[in-house]
S.K.: 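Can you read through this structure? Questions will come right after.
The sequence lines fix the lettering, A, B, ..., with proteins before strands; numbering per chain opens at 1.
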Amino acid sequence: MKTLINWFDHRTGFRSLTKEVLLENIPGGSRWRYVWGSTLTFALFVQFITGLFLWMGYSASSGDAWESVNYIQNEMTGGWLLRGIHHWMAQAMPILLLLHLMQVLVDGAYKAPREVNFWFGVILLKLVLALSLTGYLLPWDQKGYWATKVATNLANLVPFIGPEIQKLVVGGTEYGHHTLTRFFALHAGVLPALIVLLVIGHIYLFRRHGITPAEPIKKKDAFFWPDQVFKDAVACLAVMATVLFFVIWYHGAHLSSPADPSEPFSAARPDWYFLYLFQFLKLPAFAGDKEVWGAIYIPSMFVGLICLMPFIGKWKVGHFFNVGVMFAFLGGAGALTYLAKHEDVAGPNSAIYLKALLDNERDARRAIELARHEGIESTALNLLKTDPKTQGPKLFAQHCASCHRYDGHDGLAHSLPDAKSLDELKQRTSSLNRFASSNSVHPDWSARFKDSNDWQTVEAIIAANREGTFEVIAGNQFKEAPSAPDLKGFASRQWIMDLLRPEIYISKRFFGGTIHKDGDMYRRFLNRKVTKYDEEEKEMLKLVALALSAEAKLPLQADLDKADAELIQQGVDHLIDDISCINCHTFQEPDPDVEGPDLTGYGSRQWIIEFVKNPEHEKFYPESNDRMPSFGKKNILTEKEIGLIADWIRDDYYKAPNSPITH
Amino acid sequence: MDNNEDINPDSSAVPEQDSVVEAISNIDSDIVQEVSDENATSPVACRLSEVETSTESEEDFGERRGFVKFLCIVIGGIVSAVPFGAGIWAYLNPLTREKEGSGDGFVKITTLDAIPADGTPTKFSVISDKEDAWNKFKNISVGAIYLRKEDGKVKALHTVCPHLGCFIDYRSIKNDFFCPCHNSNFKLDGSIVSGVSPRPMDPLKIEIRNKVEVWVKFQNFQPGHDHPIPLS
């Protein structure tokens, strides 16, 4: 062994090199406060290694970026760990950078003759922040897409050449393939290369001038190896352990839904260490054309001031000034960061912010489960765009919810965990990882008791001090009461049975808000006949409901319908003979004399599409249509869009047995 | 500055071990002389002498330093192994990922009428669904095969050379198969005429469905073996 080492040393001289590296003298001995430079080097090392391996699975194009990152995160063995380490180490770096900078400033290690090395450090700081900024976009998810758009739009504010700079950074006027290829080349090539060069220079200059001992020196000198190395190693271990804790807690790193230029994401924010700048720009002082001051001039001047600190620090007062400025900056940035966070979860618009997070989480989970189940033929975004579960509610909210409801809301609301009190609810929602605030149950959101459809605000329920489980829905508030039926469970057995109960038929849940409450169905059938039904007739009516519901061929009821085939046939007979629905409705055989809607295939996909296209068609309400627009005839909705709504109402879409893990 | 030899407490304390720890431990014992020479003009260098006035016995001190060095290497190893470990785990994914098979593996290629009756081989694309990492493509080219009628029966051969995977050409002038990469030469039935191929061209199973449809069980084989082994 020794011979081999000697042989190698003779040819390379590695021994003297190692000695030079390890046997640096540290005046006053090793100290914990010196570890930050080493932890940063270690963090960079970890980012280079994990980044290199991530590179092997990443594809930088707008049709593949989210897809490949999702594949790394959710399909590759160990991919979540790899991506998690890269993500969370990136979160650790700004903290380590700050600690390093503050140690250098407080201990005066930036003063002559170390000015140049201090500037190297400032440039390195900027480069690492540039790595964060470029890396944020690469997954091409809603979060990165919209946050980075704001950042690149700020480039537009640069005096004289702003628009040109923006075009060069983005690779054109619009975000696309070249935005990603350019960002990726910067993130994985240009910036790391510059960082390696500067780190070498930084360490070379550091060694040239030696460490600046923190005064007062109380202990004896020691060598870098092993005393300081040991402290550095322990610090690196602590950093790694912290990072791994977050990686495991969050099972990797969060991936929001695929970037969609047509879908706003109101919760888009820069990474947390840029939040103070984000909040800074919200100050009224930078409104209108003064924004360039907040975005460019003031930050540039501050960096300029930092670069001048070695000269200011020549005087003792200057040193205190420098340290004071940095602490003031930290205090200010901290306060702005807190304000930004606070506004998001408790400010006047926090309901929008929190709901955007919930909406996005829903889309993200759906995209992941569809990618897993159906595979991606074009893009993951396209999977979402053709998915009834995703698009149905959005279209419903936009086109139908002004009159109809879906389970009491506009189709887009979220059910939050049930709870017995607001405190319990707050506790539960805060345990959802993305809602790290106890204020996330917003008073703007509605609540109802589990067994009723009576909606209140969360606060009203708490104020009423009623006991019992209630559920909170995060959803849009309505200006007016519903004026058309609630379509949750449309054409299902329960829905039709409810429809055939007179008191429910004229309630707001069904036709209470329409002209049909005074129509023949209610006056001549439900009110005059059904209310007087004996037990036998009630039983017949129940079978009619079964038969009518079977017309819809709902996938959820397929098994039930098959099992009850005989009862359904009896129901069909009652429908025609005993209950005589065909007096007013068409059923199976066309009858031009009746006025009520066609019951053949009632609630089936085709029936719904035809109805929505033109409710005034002679098959439906040629005489008595109440305000419902002819969505197809007037080209308000395409047949494809109506199909998405129909499939969603009918619960006819892929349902994942187990939702994929994501946070 | 002639007391430098004494600065290093390891020189006598660390027992001879044939280990990395020892190798690194010995570094300072070998060269403290040089370093302190370099530092001779440094104002802090003189403080080095204070190290020797340790209250611990030299042996204890040396043992403790040896242990600290050992810990440094262990911790350094652990923290460096984490990113490599995660990376290699993800990198090895192809070895553990099972390929999903769909159906019986037969793909409809063409109809009987499209194959020349005179026995001339004709190349057909295999159009099938393909899973490619995150993508699942429907009806795209996944390969090609030669179909040929022999005594009224259809025979299928893979177009990929069993040697190293080049695409085998059909030479109409010589009426044979020829691999342009390493000059392997095959007869129309796929058997070797000359060249370096370890086995004849790979035959593929054929089924005639609905009287006229030619279905082939399309699969790829490992190159280099003397008999076909399917890639899985």
Side-chain angles (χ1 to χ4, degrees), chain A residues 1-2 5 15-16 18-20 22-23 25 27-28 42 45-50 52-54 56-57 59 64 67-68 70-72 75-79 81-86 89 210 213 217 220-223 225-227 229-230 232-234 236-237 239-240 244 371 374-377 380, chain B residues 7-8 18-20 22-28 30-32 34-36 38-39 42-51 53-54 65-66 68-76 78-80 82-97 129 131 133-138:
Chain A
M1 184 78 183
K2 198 147 196 172
I5 293 172
R15 245 189 207 134
S16 57
T18 322
K19 284 165 193 168
E20 204 173 313
L22 293 179
L23 294 187
N25 178 51
F42 170 68
F45 162 79
V46 171
Q47 294 307 72
F48 283 6
I49 300 303
T50 50
L52 211 57
F53 279 107
L54 282 170
M56 297 178 195
S59 176
D64 282 328
E67 291 76 359
S68 60
N70 174 50
Y71 193 78
I72 294 171
E75 306 299 333
M76 266 163 81
T77 46
L81 179 67
L82 179 64
R83 179 164 176 263
I85 295 174
H86 197 72
M89 192 57 91
I217 294 172
K220 289 161 253 165
D221 289 12
F223 287 127
W225 170 257
D227 294 23
V229 172
F230 177 70
D232 289 357
V234 171
C236 291
L237 184 67
V239 170
M240 195 74 234
L244 281 178
E374 297 186 2
I376 302 164
E377 198 174 359
Chain B
I7 290 170
N8 177 34
D18 194 11
S19 69
V20 188
E22 190 233 359
I24 298 178
S25 306
N26 282 345
I27 287 169
D28 36 332
D30 291 347
I31 45 73
V32 167
E34 298 169 31
V35 173
S36 40
E38 283 167 20
N39 284 343
S42 160
V44 289
C46 55
R47 285 204 216 106
L48 280 169
S49 58
E50 293 168 17
V51 175
T53 61
S54 167
R65 274 174 62 96
V68 168
K69 287 173 186 177
F70 173 74
L71 274 183
C72 283
I73 289 164
V74 170
I75 297 174
I78 292 172
V79 294
S80 312
V82 171
F84 278 109
I88 290 167
W89 189 18
Y91 185 73
L92 293 180
N93 178 54
L95 297 183
T96 54
R97 194 159 183 84
D129 295 350
E131 207 172 305
W134 52 87
N135 281 131
K136 226 180 240 177
F137 298 113
K138 292 195 178 102

S.K.: Measure A:Leu237 against the heavy atoms of chain B and call it side chain, backbone, both or neither at under 4.5 Å.
M.R.: both

S.K.: Enter the distance from A:Ile376:CD1 to B:Glu131:CD here, rounded to the nearest 0.5 Å.
M.R.: 10.5 Å

S.K.: Counting only non-hydrogen atoms closer than 4.5 Å, does A:Leu244 touch chain B with its backbone (N, CA, C, O), its side chain (CB onward), both, or neither?
M.R.: side chain

S.K.: For chain B, which candidate among A:Val234, A:Ile72, A:Leu82 shows the most heavy-atom pairs at distances under 4.5 Å?
M.R.: A:Leu82

S.K.: A:Asp64 and B:Trp134: side-chain donor and acceptor closer than 3.5 Å?
M.R.: yes

S.K.: Among B:Val68, B:Val74, B:Ile73, exactly one meets side-chain contact (heavy atoms from CB on, under 4.5 Å) together with B:Phe70. Which residue is that?
M.R.: B:Val74

S.K.: Please look at A:Gln47 and chain B and tell me whether the side chain, the backbone, both or neither of the residue comes under 4.5 angstrom of a heavy atom of that chain.
M.R.: neither

S.K.: Pick one of side chain, backbone, both or neither for A:Phe48, based on which atoms fall under 4.5 Å of a heavy atom in chain B.
M.R.: neither

S.K.: I need the A:Asp227 CG to B:Lys69 NZ distance, nearest 0.5 Å.
M.R.: 9.0 Å

S.K.: Give a yes or no on this: more than 12 heavy atoms of other residues, nucleotides or ligands lie within 6.0 Å of atom CZ of B:Phe137.
M.R.: yes

S.K.: Return the OG1 to CZ distance between A:Thr77 and B:Arg97, rounded to the nearest 0.5 Å.
M.R.: 8.5 Å

S.K.: Looking at B:Ser80, B:Gly76, B:Gly85, which one has more heavy-atom pairs under 4.5 Å with chain A than the rest?
M.R.: B:Ser80

S.K.: Tell me, side chain or backbone of B:Ile88 under 4.5 Å from chain A's heavy atoms, or both, or neither?
M.R.: both

S.K.: Does any heavy atom of chain B fall under 4.5 Å from the side chain of A:Met76, the backbone, both, or neither of them?
M.R.: both

S.K.: Name the region of A:Phe45, side chain, backbone, both or neither, that has any atom closer than 4.5 Å to a heavy atom of chain B.
M.R.: side chain

S.K.: Roughly how far, to the nearest 0.5 Å, is CD of A:Glu67 from CG of A:Asn70?
M.R.: 8.0 Å

